[in-house]
Amino acid sequence: MTLRDEVTQLLQELIRLDTVNPPGDETKAAELLRDYLAGHGVESELYARSPERANLVARIPGRGDGKSLLLLSHTDTVPANAEEWQVDPWSGEVRGTEIWGRGALDMKGQVAAEAVAIASLAREGFEPAGDLVFAACADEEVGTGFGLEWLCEEHPDAVRTDFALNEGAGERIELFGRIFYLCSSAEKMSSPFRLLVHGRAGHASVPGIADNALVKAAPLIERLAAYRPELRLGPETAAMIEAVAGRQLEPAEALELARENDQAAAELLEPLLSLTLSPTMISASETRNVIPHLCEVDVDCRLLPGQTQDEVEPVLRQVLGEGDYDFEWIDGRGGTRSELGTPLWSAVESFVAGIEPEATVLPVCVAGFTDSHWLRDAFGTVAYGFFPARTMDPQLAARLIHSADERIEIDDLELGVNCFRHAAVEVTGGG
Ligand SMILES: [Zn+2]
């Protein structure tokens, strides 16, 4: 069987196991992977905080004189509403050149590609200098402490490595007429906050006697919308600009250049230069004829890696100005980065050079949170998000993730296997 057929079959089997989180039930996927890997001589261990939510960690032990690499993934998925799909979301059906089903892109495709990479190396007799580790974790999508976060705390030796490859990027994009592959080296911090705007209730037929909290929230929302945060250049974004423009630019200059020449470049760059604020939820009175005494506004806020809530809060309070409201952070997670110019970075570059010599690897900071955060925080692991997608249009892929008709090109799946095999050999110094 070819690697292409092998990874196709494994992905189909993974999609057919419903691991929608909640509730997750990732043990089914962990057992499937354990049996598959054992069939190719790779031993693995299941680690579960709760029996039905197992994480799988497999390893080809190194000789002890090289760098270790973790191929990381998660086996849970977001839900799927079958009525919105053209196929059964848990069918794993092959249609033309694609495999369809929930998780095909996020991220059972990468689970399968990483598993086939380590299994195929093992049966070829691969003997790395450093450990090659494969971890398929539970509970990434909801994040309630059953997955990698828990493994890092309770079984750190199982998942501590020098380097890690995870989800996050890998898209092939064109900017200014040139070809780039995105590799994520950093993540913004998800840092939503809530405004509790206070007023006084009253009957809606006599507005003069009340103090309408909803009306008082309106100018606060407008101030947030009008705010233009200070632009800043992190190392990954500076490197990105230099790779595209051919020289260092100030952030405002880079943004202007992008806006004038390439809309896609502007959309990519803008959120990487500052924190972002998007008011998304509001609640006030439950009853139409009652003036609300309280209005709650939730704001999705993403900080740059390294930016802290302590640093940002006074700025936001100044933007909001005086008023009858309380400000509270709802959450704060992520916001880590890994350095560039490492052996893993070189491995990604040499892989891309091998498949498309005219393409350049572009470091990118992603807006969302991934499990890479736990590794960077716990062990200082250099973690990148890279699963190359050469065939599927990146805009289509972005639309399908967490949505109906999710599917992956089999060409991209096969490319992923080759990528992870290449990175394993390059980083762990195997042969
Ligand atoms: Zn994911």
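By convention here, the first residue in the shown sequence is residue 1. Read the numbers this way: they start at 1 and go in the same order the structure lists the ligands and their atoms.
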### Task
Tell me, please, which residues at least two apart from D157 pass salt bridge (Lys or Arg N to Asp or Glu O under 4.0 Å).
R160
### Query
Please, which pairs that meet side-chain hydrogen bond (donor to acceptor under 3.5 Å, both in side chains) have at least one residue in residues 37-48, sequence neighbours excluded?
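As it turns out, the side-chain hydrogen bond (donor to acceptor under 3.5 Å, both in side chains) pairs with a partner in residues 37-48, which skip direct neighbours, are H40-R123.
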### side-chain hydrogen bond (donor to acceptor under 3.5 Å, both in side chains): pairs with one or both residues in residues 176-185, sequence neighbours excluded
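Those involving residues 176-185 are Y181-E356.
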### Query
What heavy-atom pair brings A138 and D76 nearest, and what distance separates the two atoms?
C-OD1, 4.1 Å
### Summary
Tested for side chain to side chain contact (heavy atoms under 4.5 Å, CB included) against L195, the lone hit among D298, L224, I221 is L224
### Message
Return all protein N, O or S atoms below 2.8 Å from the Zn ion (ligand 1), chain by chain in residue order.
### Response
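You should have found H74 NE2, D106 OD1, E167 OE1, E167 OE2.
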### Query
Which word best sums up how the rings of F369 and H373 line up, parallel for under 30°, tilted for 30 to 60°, or perpendicular for over 60°?
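The arrangement is tilted - the two ring planes meet at 30° to 60°.
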